[in-house]
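Everything below concerns the one structure shown next.
The sequence lines fix the lettering, A, B, ..., with proteins before strands; numbering per chain opens at 1. Treat the numbers as computed from the prediction; the structure is a model and nothing was measured.
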Number of protein chains: 2
Amino acid sequence: MANLLTRKLEAFAPLSEADRHLLDAVIREARDVGSREDLIREGDAPGDVRLILAGFACRYKRLADGRRQIMAYLVPGDFCDLHVFILKAMDHTIATLSPCRVVEIPRRRILEMPERPALARALWWAALVDEATLREWLVNIGARPAEQRVAHLLCELLLRLRTVGLTNHDSYELPITQTELADTVGLTNVHVNRVLQRLRGDGLITLRGKHLVILDVERLNAFSGFTPNYLHLAAPNSVAEQSH
Amino acid sequence: MANLLTRKLEAFAPLSEADRHLLDAVIREARDVGSREDLIREGDAPGDVRLILAGFACRYKRLADGRRQIMAYLVPGDFCDLHVFILKAMDHTIATLSPCRVVEIPRRRILEMPERPALARALWWAALVDEATLREWLVNIGARPAEQRVAHLLCELLLRLRTVGLTNHDSYELPITQTELADTVGLTNVHVNRVLQRLRGDGLITLRGKHLVILDVERLNAFSGFTPNYLHLAAPNSVAEQSH
DNA sequence: CGTACTATTGATAGATATCAACGCTGGTGG
DNA sequence: CCACCAGCGTTGATATCTATCAATAGTACG
């Protein structure tokens, strides 16, 4: 299996053999983290750069009334905090949603990237896509009704997971609870439950346990208003399918 | 009057005399743009870097049903697109909300920044703060009820405008329509209108025309759950007051 | 002094949250 | 291996919030 990270970064532009080797080296010393553990907390000083190799993690904030808002999903190939080390304190918490495999990359590894222009650009790209995704989530929560909101999220995840080879045709594993889904789209767990039932009823998806199948991608895209432009993928059609 | 941009960047860390001169030079050739003009549109290729010197602008996306979501306010001292030139196409539109004064900074000016570490770090910081603000907006829209939502926005703007010297005690000019406010917090213009009335009725603010007065900052902060940590300001108390 | 936004108000509809309960499942300890 | 427990998904009834629709009143501006 190809290195997950190179695979993702090459969705932007090809890398040299040397760059790929460097990325391989970076990924060696991963560790496993259990489900629902905080990786770094709001207020902590940012340390090394973390990269998710397997599992789902998220960024979130908790409000005074106990409500929590998930602001990003981190899926395999995503960096937790590529550039934050400039800042003195984290302004949000990062936690696993499922069991995860995580690498910690020494800060200096990242700092020496400028010597490798293609790699540096690829990391830039990754950071810009993260930000663009955040903007799209804002649109999603701010302007779309409940059903299109969760549908949109499912469409986005299909593409993101596909670029790292974690889809099987139009299905993937979504190791997330309905309550967590609710915290990400700004709805109640009860309401999310009903929304999912309606999406199932409309023949758009199948979701049993943690296994999601999108029955008609075109229709789900159209329904939710999903357009992948904000993911800034180089060649939308060139991504190969691969089951884990 | 001190250079607005240096003033903002020094909210992160002091700059050298040379750096400040460079920023002064960058700002010379500004142009005026009318209200409600698009500066760059979704789909366009990013060009030079733009910086707002006066007035309010915003990032927004428009959905198929005509609804629009504003994803960021750009106030004086804010960059429109610091690093996007890596990408091939804009994924959102940037437009003025009021008459604005804008500089276009040649891309190469930005690219030579790495030779000035303090400056480079300051620009990094600005970009990270933009992203952190975006996250906070997501929390705002996703998890806070209507009144706290708009209250929170007003609290944020007070601080952001203060760091560039555009506040007068606890008041500032908010050259924005209620409908635009509605498009940013994900509510209806009618509802925003009622929310504002309640905030007025509770003695929290005064808003006549475009002039906003926050009557009790502490209370508004507490009410809306505002904490400025995500703005990553170096010295919260050291900012001087200055009326325009 | 019209004209066109913008702000405001009232009445009503619709969406989403809240509250409460129940069944299912997977894991865990006896 | 079974009994228990806790978390998760599901359902129903109801309350609350926010949107919609429609109209009127300010306000700015040519």
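Between A:Lys210 and C:dT25 there is no side-chain polar atom (N or O) within less than 4.0 angstrom of OP1 or OP2. Within the structure, every side-chain polar atom (N or O) of A:Arg144 is placed at least 4.0 Å from both OP1 and OP2 of C:dA15.
Listed nucleotides: C:dT9, D:dA19, C:dT18. Nearest to the side chain of B:His191: D:dA19. Nearest nucleotide to the B:Thr177 side chain, out of C:dT8, D:dT11, C:dA7: C:dA7. Among D:dT20, C:dT18, C:dT16, the nucleotide with an atom closest to any side-chain atom of A:Val190 is C:dT18. Ranking C:dT8, D:dT11, D:dT10 by closeness to the B:Gln197 side chain, first place goes to C:dT8.
Salt bridge status for A:Arg62 with A:Glu42: absent, with no side-chain N to carboxylate O gap under 4.0 Å.
Looking at heavy-atom distances under 4.0 Å, B:Arg208 makes no contact with the nucleic acid at all. Using a 4.0 Å heavy-atom cutoff across all strands shown, A:Leu196 reaches no nucleic acid atom at all.
D:dT11 atom P lies 12 Å from atom CZ of A:Arg198, rounded to whole Å.
If A:Ala146 and B:Leu207 are placed on DNA chain C by their nearest nucleotide, the residue sitting closer to the 5' end is B:Leu207.
Within 6.0 Å of atom CZ in B:Arg200, more than 12 heavy atoms from other residues, nucleotides or ligands are found, so the atom counts as buried in its surroundings.
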